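Some notes on the structure that comes next.
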Amino acid sequence: MFGDLQERELIREFVRQLTAKYGRAYWVERAKSKGHLDEIWHELGKAGYLGVTVPEEYGGSGTSMTRLAILMEELCTQGVPLLFLVITTAMAAIPIARHGNEELKQRYLPAIADGSKKFCFAVTEPDAGSNSFNIRTFAKQEGDYYVIKGQKVFISGYDQAQHVLLVARTTPADQVKEKRHGISLLVVDTNAPGLSAHPMDTQIFAPERQFALYFDEVRVPRANLVGEEGRGFRALFDALNAERITVAAMAVGLGRFALQKAVEYAKVRKVFDKPIGAYQGLAHPMAIARTHLELASLMTHYAAHVFDAGQDAGMYANMAKYAGAEAGIEAVDIAIEVHGGSGFTGEVDVITVWPMARLLRTVPVAREMILNYVAEHVLGLPRSY
Amino acid sequence: MKLLVPIKRVPDPATTIQVRPDGTGIVTDNIKWVINPFDEIAIEEALRIKERLGSGEVVLVTIGEKSWQEQLRTGLAMGADRAILVVNDKPLDTLAIARVLAKVVADEKPDLVIMGKQAIDDDSNQVGQMLAELLGWPQATFASKVEISDSVCTVVREVDGGLETVQFPLPAVITTDLRLNEPRYASLPGIMKARKKEIKEIPVENLGLDLAPKLKIKALKAPPKRQAGRKVSSVQELVHLLHTEAKVI
């Protein structure tokens, strides 16, 4: 179920070779300058890794969350988290491949697979965060077009993407039986007339920025609809489950990156007679953090396996995201502690991981909402909200 | 054109090597094994030759335990077409290795054998030369540039103080130097295809060769630890010490 073990090792080896060239220093420099990561992205595309979620007939290697999780986990283990693997490779390619019409697939999937096109994903609104079905951005049908009005927030990577995969209402919430109905996914060009964006003041140490998007009568051809009109929740769930699995892999990898630095330091750093790694006060928390990372990794790969089998991966994707985020935070936290005061310097480069690791507890879905999901849908407990 | 690339499994160059207490070998626990980096360059060059010519076959061969197929699989993921694993778990010296390869060459009849100039573990730098001798083929060692046209091969060799260009007919043996090329990554489609490619296993006993070692490793020793340096207070003192103590001037 974990894919071919040798294949996994070959993918990891590829990542290590690639990050020997574009490693942590490259990523840190771009994180400081808010620059793009085009060089590594294009190399990934050239070597076929951006086709990891794209069917073979569209230039990919077949949809595999298992391989995407391996890729993301190892990139992050090497200190090079690439957010577009979440928002384009997972969240755009998979819904388009699974639910898009032939024209959309032909138009976008080969370009996603070779790295020439990037997508951002727009669901969150000022009044619709955890409650996605509350979205108010509306796409009104007018002849062969949809005309879109509304606002989105916290949209990562808008400035680098050519397209937005937009989640909008095509029927108002008060006119549908179930709240999840009446929602549709549409591909919108980032340079479409009427679409404007403003960067948000998010304080995450990463190259990608977040934007508020304003849709003012943006016209989109009907052919840009992904899946059935009003039944976008299926494509949306595929996108969100794929996102959770990829984010879990990201959190685990970031935890590994930080912990590995702490372990190396604890082997050589002597404050009294012995290396500080000999003290169980530090050794045990590091051993526990490592164990939790491995457990989270296991759950992530199981979720990917279920997803790849075409089954409902919701429960496992949620649990993986919970476990990954918590294990990531635990590992980065002990890594900072092991380094003492120098853990807060840029040179040691673990405090720099903290905002992103901590972010992943809250987004893309808050820890509390995951626990609500497990309580309600897995345990069958009554809903409180 | 058929290109045969012999490869060897070696410890990752980034590994810290420890000698076993009895001096008979190195500690192999927790060692990450990789393709000898010079052999990786040879695989890359074979793939480039095949791509330039527009057709051909790149065949990998290694001599070792069954687990060595991992390194063969890596080479197949880079793009080689198939592989041969001569299964052997006894120590072989360089001449024995060259004899096994000569037998594989006799069976496979490649137009060109291209391999690393040496393995980074024992640094022998002998197998390519011995193989060419056993086959009676031309050889070009330390290649930094390879060109092939109409079964004539031109190789630029890295020699002391410069470059030497040699030309010879095929079949031949070429050994690769560091600056020949930069090996490619295994692409994702390459990794996926590698799973289905053939690795043929041949037990070394079936080759009917005399492989009794002529060379015996008597002992391995780690290099002595570097001593700390010493600070001197003046140029005069330095010159004095270089003259009287180090006796180098």
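Chain letters run A, B, ... following the sequence lines, proteins first, then strands; residues in each count from 1. It should be emphasised that the depicted structure is a prediction, and the values quoted were computed from it without experimental measurement. Computed from heavy atoms alone, side chains included, the values below leave out hydrogens, waters and symmetry copies.
- When all heavy atoms of B:Pro189 and A:Gly48 are compared, the pair lying nearest together is CD-CA, 3.9 Å.
- Among A:Leu71, A:Leu18, A:Val52, A:Leu44, the residue making the largest number of heavy-atom pairs under 4.5 Å with chain B is A:Leu18.
- Crowding of A:Arg290 atom CZ: a count of heavy atoms from other residues, nucleotides or ligands under 6.0 Å not exceeding 12.
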Produce the donor-acceptor pair table for chain A versus chain B, cut-off under 3.5 Å.
| unit_1 | atom_1 | unit_2 | atom_2 | d |
| --- | --- | --- | --- | --- |
| A:Glu7 | OE1 | B:Arg195 | NH2 | 3.2 |
| A:Glu13 | OE1 | B:Lys32 | NZ | 3.0 |
| A:Glu43 | OE1 | B:Tyr185 | OH | 3.3 |
| A:Ala47 | O | B:Leu188 | N | 2.9 |
| A:Tyr49 | OH | B:Ala186 | O | 2.6 |

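- No more than 12 heavy atoms of other residues, nucleotides or ligands shown are found within 6.0 angstrom of CD1 on B:Ile217.
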